[in-house]
Amino acid sequence: MNTRVRFAPSPTGSLHLGSVRTAIFNYLFSKQTNGSLILRIEDTDKGRSTSHSQEEILSSLKWLGIQWNEGPYLQSERIEIYQNYANILLSEGKAYKCFSSQEEINRIKEQAKKEKKIYKYPRIWRDRKDHPQNKDFVIRFKTPDNKIIDFKDTLRGKIEIESNNLDDFIIIKSDGFPTYNFASAIDDIEMKITNVIRGEDHLSNTPKQILIYNSLNAKIPDFTHVSMILGKDKTKLSKRHGAESIDNFKSMGFLPVSIINYLARLGWSFGDQEIFSLNEMEANFSLDNLNKSPAIFDLEKFTWVNSNQIKKADTNYLKELINFKFIEGIDIDLAILSAKEKSKDLIQLKEVLSFCETKELNIDDKSIESINDCDKKILEKFLNSFMDYNFKNMDEIEDFFKNFLLNNNLKMKNLAFPLRLILTGSKNSPGIYQILKILSKELISYRVKRFL
RNA sequence: GGCCCCUUCGUCUAGUGGUUUAGGACAUCGCCCUUUCACGGCGGCAACACGGGUUCGAAUCCCGUAGGGGUCACCA
């Protein structure tokens, strides 16, 4: 049987690193097993769901390159389905209408708090037949007493919980919308999900969902509850830990593949390998290599992964991403090739390449001062013979450069340092031979003469 | 607090009873390379939470303790 997995975010904010990793694991698993990834939007909270964040989630997934095979299905458009199932449970006596008002419930909760007892809905309407007319109600599940609910988690093994720890939880709210546990279970049944891969925070919801599966005689999928991602202070990752949404990392100059690589590697491993292409991850991902303990998000290692991915990235791809207006005559391929070797993110890549973008360079006075009159004479001499020479490749530039040094009794730094400064305006630039090849002769001449 | 989950270098992890003086990576420190900044190369520092078992033998299996996390909503 083909595997069917789903990613089911709720559109109540932008995509968080933790949910992105869940999406990645589901995506990689579907690829590895030749299955399908279903995208489902869990928008049953009328108050908090927004179409804005829904769009943001979709565009983030697309940007990352996480493609889904079905959906997005919106739960808000499937209300009838949940109500039908709720009616089945109602008619079979497995659920009941509850007419207790919010105020009444709140009172009971407060009372429980005062007495330091655990609140559990006292089942007031569980067996009552005297239903009032024209009064709001919710539908609650009849949780059985004294039963052991167990299920197998592929990562954590058999998990058991006593039904007595569970409440008669609500499955349909008074506005007719389903609650998370109900909608989620029903959809997983309806969509024939074979593997539920989600965050560990859902572990304690699973028994309730098992109850629903059982009450409908539905087949229970394989569960895999992946550990959380924590911040540096070992608490749940949040805004306090800096950039958390994918958009943030995008604007910090991270590549999609870097995000997938780093996040996947947080909790998953494949021997000693650290850097993966998308294809490699799709081919090698396995639930068996998942780690049970929570992982701390480390921006430094993430950045290291990104710098590796940038070095590996295709030149044309980077060219598209940075969307630069290069000065005419620039050897763009060589420029990018040499700049990516020294960049850890896209921002830095652009900085390094900035000498290829604007004709006029801003060189600060202090740097100018460091070049003396003697240098100027050398530079002029260098420029003259450089302009006369016809280079076919960088090797010839190197030969020419070295010969010039030899003939003029100069050391490398005597010429390379001022030349680099004049030609790029920066200390962080490619090697001098590369600079001389990247820039057109005209531009080299222009920049040197302007200095003289 | 009840229930559930987790515990190998500072961090991500390898390790599935003997091949382990516990391996790799990030970070850090030192050296080398060097035309800037980087890259790179070589090397150092650094971990099985604790206590009991089981076993000829345990990071690996069992129990307990401690610590951390999650969850207890008409949120998902």
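In what follows, every heavy atom counts, from backbone to side chain, and hydrogens, waters and symmetry copies are set aside. Numbers restart at 1 for each chain; the letters A, B, ... are given by sequence-line order, proteins then strands.
- A:D331 has a carboxylate O that lies under 4.0 Å from a charged side-chain N of A:K437, or vice versa, which qualifies the two as a salt bridge.
- In this structure, A:F29 and A:F285 have perpendicular ring planes: the angle between them is above 60°, well past the 30° mark.
- Across B:C32 and B:C37, the matching P atoms stand 15 Å from one another, rounded to whole Å.
- When distances run from any side-chain atom of A:P294 to the nucleotides B:U13, B:G70, B:C6, the shortest one goes to B:C6.
- A gap of 34 Å separates the P atoms of B:C45 and B:C6, to the nearest Å.
- A cation-pi arrangement is absent between A:K301 and A:Y262 under the rule of less than 6.0 angstrom and at most 45 degrees off the ring axis.
- Spacing between B:C31 and B:A22 at atom P, rounded to whole Å, works out to 29 Å.
- With RNA chain B read from its 5' end, the first of the two nearest nucleotides for A:K342 and A:N205 is the one closest to A:K342.
- Of the two residues contacting RNA chain B, namely A:N165 and A:L230, the nearest-nucleotide position lying further toward the 5' end is that of A:N165.
- A:E160 comes within 4.0 angstrom of the backbone, heavy atoms only, and of no base.
- A:N306 places a side-chain N or O within donor-acceptor distance of the main-chain N or O of A:K344, the cut-off being under 3.5 Å.
- Rounded to a whole angstrom, the distance from the P atom of B:U16 to that of B:C62 is 16 Å.
- The distance from atom CD1 of A:I149 to atom C1' of B:C4 is 12 Å, rounded to the nearest whole Å.
- Between A:Q209 atom CD and B:U71 atom P there is a gap of 14 Å when expressed in whole angstrom units.
- When the options A:I197, A:N261, A:I260, A:L266 are evaluated for a side chain to side chain contact (heavy atoms under 4.5 Å, CB included) with A:I24, the one that passes is A:I260.
- Within the 4.0 angstrom heavy-atom criterion, only backbone atoms of the sugar-phosphate kind lie near A:E42; the bases stay farther away.
- A straight line from CG of A:D175 to P of B:A73 spans 18 Å, rounded to a whole angstrom.
- Across the protein-nucleic acid pair, A:W304 atom CH2 and B:C39 atom C1' stand 13 Å apart, rounded to whole Å.
- No donor-acceptor contact under 3.5 Å links the side chain of A:Q273 to the base of B:G24.
- Not a single donor-acceptor contact under 3.5 angstrom links the side-chain atoms of A:K109 to the base of B:A73.
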- Query: Tell me, for nucleotides 44-49 of chain B in 5' to 3' order, what letter each nucleotide earns: B for a base near a protein heavy atom under 4.0 Å, S for only sugar-phosphate near one, - for neither?
  - Reply: ------
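- When rounded to the nearest whole Å, the span between CD of A:E300 and C1' of B:A25 equals 13 Å.
- Between A:F386 and A:F391, the distance separating the two ring centers is shorter than 6.0 angstrom.
- Rounded to whole Å, the P atom of B:U7 lies 10 Å from the corresponding atom of B:C61.
- The side-chain tip of A:R78 points at the ring of A:Y73 from less than 6.0 angstrom away and within 45° of straight on.
- With hydrogens and angles ignored, no donor-acceptor pair closer than 3.5 Å exists between the side chain of A:D45 and the base of B:C75.
- The separation between A:I229 atom CD1 and B:U13 atom C1' is 15 Å, rounded to whole Å.
- Residue A:K301 has its side chain nearest to B:C12 when only B:C3, B:C6, B:C12 are considered.
- Taking atom P in both B:G24 and B:C9, the straight-line distance is 16 Å, to the nearest Å.
- Nucleotides B:G64 and B:C26 place their C1' atoms 36 Å apart, quoted to the nearest Å.
- B:C39 takes the syn form, because its glycosidic angle lies no more than 90° either side of 0.
- The side chain of A:T179 sits closest to B:C74 out of B:U11, B:A14, B:C74.
- When distances run from any side-chain atom of A:R265 to the nucleotides B:U13, B:U7, B:G69, the shortest one goes to B:U13.
- Each of B:C5, B:U11, B:U71 was ranked by its minimum atom distance to the side chain of A:L203; first place goes to B:C5.
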- Query: Between A:F382 and A:F400, does a ring pair (Phe, Tyr, Trp, His ring centres under 6.0 Å) hold up when you go through it step by step?
  - Reply: CA-CA 10 Å; A:F382 174 80; A:F400 167 82; 5.8 Å; yes
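- Remark: the separation of the C1' atoms in B:U65 and B:G30 is 42 Å, to the nearest Å.
- When distances are taken from the side chain of A:R156 to each of B:U11, B:C12, B:C6, the shortest belongs to B:C6.
- Rounded to whole Å, atom P of B:A14 lies 11 Å from atom NZ of A:K292.
- Between A:F137 and A:P132 the shortest side-chain heavy-atom distance does not fall below 4.5 Å.
- Residue A:L266 is in sugar-phosphate contact alone, with no base atom involved, counting any heavy-atom pair closer than 4.0 Å across all strands shown.
- Residue contacts for A:S174: at a heavy-atom cut-off of 4.0 Å it reaches a base atom on one of the strands shown.
- Between the P atom of B:C5 and the CG atom of A:D153 lies a distance of 10 Å, rounded to the nearest Å.
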